[in-house]
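Each ligand, and each atom within it, is numbered from 1 in the order the structure gives.
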Amino acid sequence: MYETLLAETQGGARILTLNRPDVLNAINAQMGDDLDEALRDAERSPEVRCVLLTAAGRGFCAGADLREQSPGHTRVGDLLRTRYNKIVAKIRTMEKPVIAAVNGVAAGAGCNLALAADLRIASDRATFIEAFSKIGLIPDSGGTWLLPRLVGVGRALEMMFFADPIDAPAAERLGLVNRVVPHDDLMPRAREWALRLAAGPTRTFGLIKRGVNHALAGDLEGALDYEAHLQEVASRTDDHREGVAAFLAKRPPAYTGR
Ligand code: T3D
């Protein structure tokens, strides 16, 4: 269905696998289009209740395909606005959980693609590189916004200035990833998370994302008020009713995502 990625659905989890392993899944125009369409499809498909993004081969994603265009020959600002920004924004704002299972090197826009996900589970072979300054660019694809929020300003600037690889244990210490697991356990563990989230109260998860994104941009007073609004919405879902009924009946809840 897509030229540069594989898509399958298992138990409500849509698994998207970047699939240009020969170039460590560097993002060319086709992959930009495929990823954008695949994310939009996952967002609008009611049967999809969680997205798991991973990649084929030994890399996760090496960022922009540097063979595709010569420096200065394209308007990079336009390229970012039309290709990368909408992908990052979709991952952040989609009202379904998005997990990145980082199987290997994540560099440049590939690193920031992983950082845009709600949760990151990494192989012990993964590395994270804010590679941009090595080629005289600044971190794009949300890097300037995402990275300082995850690791703090000082650590973020260190990664951005030096562009050195951060290995998986360091990434876990820094809070760049939620979990590091042995390489062979990556997909089983990531699938376990995805299936667990896909069986959860999807609308509530979406509202949680909306609340956190809103809070990151504002003050405590605004966050308290917005929480009250979102809680009104959550309290009217079928899943809230089911959650309370299950608790009172001492049985596991059967969430439907509505
Ligand atoms: O201009 C715009 O499009 C604006 C948008 C910018 C967003 C960005 O992402 S800018 C940052 C772009 N990415 C990079 O600068 C990273 C470039 N890659 C690397 O530094 C290294 O490949 C890695 C550190 C990621 C991995 O190193 P290593 O030694 O494990 O692998 P390798 O041998 O360098 O790469 C394997 C193959 O993938 C190799 O091809 P070959 O020689 O076997 O035919 C290599 O050329 C290819 N490859 C790796 N990264 C890219 C790539 N091909 C095209 N584009 C890449 N980004």
Side-chain angles (χ1 to χ4, degrees), residues 2-6 16-39 53-92 98 100-117 120 122-148 150-151 156-171 174 176-177 180 183 186:
Y2 301 106
E3 271 182 48
T4 64
L5 60 85
L6 310 169
L16 301 177
T17 306
L18 305 179
N19 194 26
R20 299 185 74 220
D22 294 349
V23 289
L24 305 178
N25 304 302
I27 303 169
N28 62 1
Q30 187 63 51
M31 186 183 277
D33 289 349
D34 286 350
L35 195 48
D36 177 47
E37 177 51 33
L39 289 168
L53 179 64
T54 189
R58 73 176 176 88
F60 176 72
C61 176
D65 187 329
L66 297 175
R67 295 176 191 179
E68 196 176 56
Q69 70 260 337
S70 354
H73 284 240
T74 40
R75 297 221 20 215
V76 175
D78 289 344
L79 192 63
L80 292 171
R81 286 185 195 99
T82 55
R83 184 179 298 168
Y84 297 88
N85 294 3
K86 59 185 177 182
I87 291 171
V88 168
K90 183 60 65 196
I91 292 172
R92 293 287 306 178
V98 181
V102 184
N103 50 302
V105 62
C111 181
N112 295 336
L113 188 63
L115 300 190
R120 277 158 295 288
S123 150
D124 54 8
R125 295 183 196 163
T127 54
F128 296 82
I129 317 175
E130 287 291 335
F132 303 86
S133 69
K134 280 233 166 18
I135 54 168
L137 293 180
I138 68 122
D140 57 33
S141 308
T144 59
W145 193 91
L146 295 162
L147 188 60
L150 283 168
V151 302
L157 288 173
E158 183 181 337
M159 283 181 69
M160 291 171 181
F161 287 160
F162 290 121
D164 289 333
I166 303 294
D167 65 18
L174 289 171
L176 205 57
V177 298
V180 173
H183 187 74
L186 179 68

Checklist line | Test log, rule salt bridge (charged side-chain N to carboxylate O under 4.0 Å, His left out), inputs E68 and R20 | finding: CA-CA 14 Å; E68 196 176 56; R20 299 185 74 220; over 6 Å; no
Next item on the list: Return yes when at least one protein heavy atom is under 4.0 Å from atom 34 (O) of ligand 1, and no when none is.
Entry: no
Next item on the list: Decide whether an N or O pair under 3.5 Å exists between A107 and ligand 1.
Entry: no
Notebook entry, point to check: Does an N or O anywhere in A109 fall below 3.5 Å from an N or O of ligand 1?
Noted result: yes
Notebook entry, point to check: Tell me: protein heavy atom nearest atom 32 (P) of ligand 1, and distance?
Noted result: R58 NH2, 4.0 Å
Next item on the list: Considering only protein heavy atoms, determine whether one is less than 4.0 Å from atom 9 (O) of ligand 1.
Entry: yes
Check: Closest approach of P148 and M160, non-hydrogen atoms and distance?
Finding: CD-CE, 4.4 Å
Note to self: In the structure I gave you, are the side-chain heavy atoms of F60 and N103 within less than 4.5 Å of one another anywhere?
What the structure shows: yes
Notebook entry, point to check: Of all the non-hydrogen atoms in the protein, which one sits nearest to atom 6 (C) of ligand 1, and at what distance?
Noted result: D140 OD2, 3.2 Å
Next item on the list: Could you check atom 54 (C) of ligand 1 against the protein and tell me its nearest heavy-atom contact, residue, atom and distance included?
Entry: D65 OD1, 3.3 Å
Next item on the list: Tell me which one of E130, R83, R67, R20 gets a heavy atom nearest to atom 39 (C) of ligand 1.
Entry: R67
Notebook entry, point to check: Under the 4.0 Å line, does any protein heavy atom show up next to atom 29 (O) of ligand 1?
Noted result: no
Check: How close does the nearest protein non-hydrogen atom get to atom 55 (N) of ligand 1, and which residue and atom is it?
Finding: L66 N, 2.9 Å
Check: Do N112 and Y84 come close enough that some side-chain heavy atom pair is under 4.5 Å?
Finding: no
Notebook entry, point to check: What is the nearest protein non-hydrogen atom to atom 2 (C) of ligand 1, stated with its residue, atom name and distance?
Noted result: Q69 NE2, 3.5 Å
Notebook entry, point to check: Are D140 and N85 close enough that some pair of their side-chain heavy atoms sits under 4.5 Å apart?
Noted result: no
Notebook entry, point to check: Would a search of protein heavy atoms around atom 43 (O) of ligand 1 find one under 4.0 Å away?
Noted result: no
Margin query: Using a 3.5 Å cut-off on N or O atoms only, is V76 in polar contact with ligand 1?
Written below: no
Margin query: Closer than 4.0 Å to some heavy atom of G63 - which atoms of ligand 1 meet that?
Written below: 9 (O)
Note to self: Nearest non-hydrogen contact with atom 56 (C) of ligand 1 belongs to which option: A64, A29, G77?
What the structure shows: A64
Note to self: If the cut-off is 4.0 Å to any non-hydrogen atom of D22, which atoms of ligand 1 fall inside it?
What the structure shows: 37 (C), 38 (O)
Notebook entry, point to check: Does a side-chain heavy-atom distance below 4.5 Å link L176 with L147?
Noted result: yes
Note to self: Tell me the closest heavy-atom pair linking C61 and I27, and the distance in Å.
What the structure shows: SG-CG1, 3.6 Å
Note to self: So is I27 touching ligand 1 or not, going by heavy atoms under 4.0 Å?
What the structure shows: no
Note to self: I need the nearest protein heavy-atom contact for atom 24 (C) of ligand 1: residue, atom name and distance, please.
What the structure shows: I129 CD1, 3.7 Å
Item checked: Protein contact of atom 22 (O) of ligand 1 - nearest heavy atom, named by residue and atom, plus distance -> L24 CD1, 4.0 Å
Item checked: Check: R120 and L150 side chains under 4.5 Å, non-hydrogen atoms -> yes
Next item on the list: List the atom of R92, the atom of A116, and the distance in Å for their closest heavy-atom pair.
Entry: CD-O, 3.4 Å
Item checked: Identified side-chain contact (heavy atoms from CB on, under 4.5 Å) counterpart of K86 within the set D36, I91, L80 -> D36
Check: If you measure from each non-hydrogen atom of E68 to ligand 1, which part falls under 4.0 Å: side chain, backbone, both or neither?
Finding: neither
Note to self: Below 4.0 angstrom, counting only protein heavy atoms, does anything approach atom 19 (C) of ligand 1?
What the structure shows: no
Next item on the list: Check whether any side-chain heavy atom of V102 sits under 4.5 Å from a side-chain heavy atom of V177, and report yes or no.
Entry: no
Check: Among all protein non-hydrogen atoms, which one is nearest to atom 13 (N) of ligand 1, and what is the separation to 0.1 Å?
Finding: A62 O, 2.9 Å
Item checked: Within reach of ligand 1, part of L79 (heavy-atom separation under 4.0 Å) -> side chain
Notebook entry, point to check: Are E158 and D164 close enough that some pair of their side-chain heavy atoms sits under 4.5 Å apart?
Noted result: no
Checklist line | Shortest non-hydrogen separation from F161 to S133 and the atoms involved | finding: O-OG, 3.2 Å
Notebook entry, point to check: Only one of D34, L39, L6 clears side-chain contact (heavy atoms from CB on, under 4.5 Å) with L16; which?
Noted result: L39
